[in-house]
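Down below is the structure, laid out as structure tokens.
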Amino acid sequence: MAKNNGEIDAEKSKKHIAIVSARISGVVACKHAREHGFNPIVFESSNGIGGVWSNSTIESTKLQTPKDFYQFSDIAWPESVTEDYIESYALQFNILPHIQFNSKVLTIDYYACEDDEGRLWGGTGQTFSP
């Protein structure tokens with residue numbers, strides 16, 4: 001959220017980013033957006049985070065790959081997997097307040113601006129491919 005000179009980027013903090021799903025990729029996307037000064041909103045259709053990796057399935061889940069390949073790069077997998085690793089991640093990085101639970105996304109519409117040459121522009125300064 002900070003600029004190079006230490007000031008908060010007020011323009012970015014006003015911009016809302018919609019993220020669909022509070023599964024692993026949605027939780028990480030929310031953290032990344034927050035780190036870059038945006039105000040993300042995560043729409044999750046259920047009442048919890050993590051999808052198939054939630055607490056309700058962790059006891060019956062067996063990995064055939066070392067846990068090191070499944071952990072986040074910025075928080076180690078706990079010694080005991082009885083705690084909810086994804087929820088711990090969300091709590092550590094203050095992601096839960098950005099999640100709207102029981103909010104099912106039914107449709108998404110795409111809106112974009114055209115530049116002087118008729119190319120689509122999505123607000124990043126880069127054009128989208130036709």
>> I'd like to know whether I49 forms a side-chain contact (heavy atoms from CB on, under 4.5 Å) with I95, so could you lay out the CA-CA distance, the side-chain angles of the two residues, the decisive distance to 0.1 Å, and finally the verdict.
In response: CA-CA 11 Å; I49 64 172; I95 294 168; over 6 Å; no
To the nearest 0.5 angstrom, please state how far the [atom1] atom of [X] sits from the [atom2] atom of [Y].
X: D74; Y: E35; atom1: CG; atom2: CD; answer: 7.0 Å
X: I86; Y: R23; atom1: CD1; atom2: CZ; answer: 10.0 Å
X: Q92; Y: E87; atom1: CD; atom2: CD; answer: 13.0 Å

> With respect to C30, which candidate in I99, I19, I41 satisfies the side chain to side chain contact (heavy atoms under 4.5 Å, CB included) definition?
Replying inline: I19
>> If the condition is side chain to side chain donor-acceptor pair (under 3.5 Å), which residues does S46 pass it with, not counting sequence neighbours?
In response: E44
> Under the 3.5 angstrom rule, does the side chain of S103 hit a backbone N or O of F101 as a donor-acceptor pair?
Replying inline: yes
> P40 and H98: which non-hydrogen atoms are nearest, and at how many Å?
Replying inline: O-ND1, 3.0 Å
> Where is the tightest heavy-atom contact between V42 and S21, given as atom of each residue plus distance?
Replying inline: CG1-O, 3.4 Å
> Quick one: ring-ring contact (aromatic ring centres under 6.0 Å, His included) partners of Y89, sequence neighbours excluded?
Replying inline: F72, F93
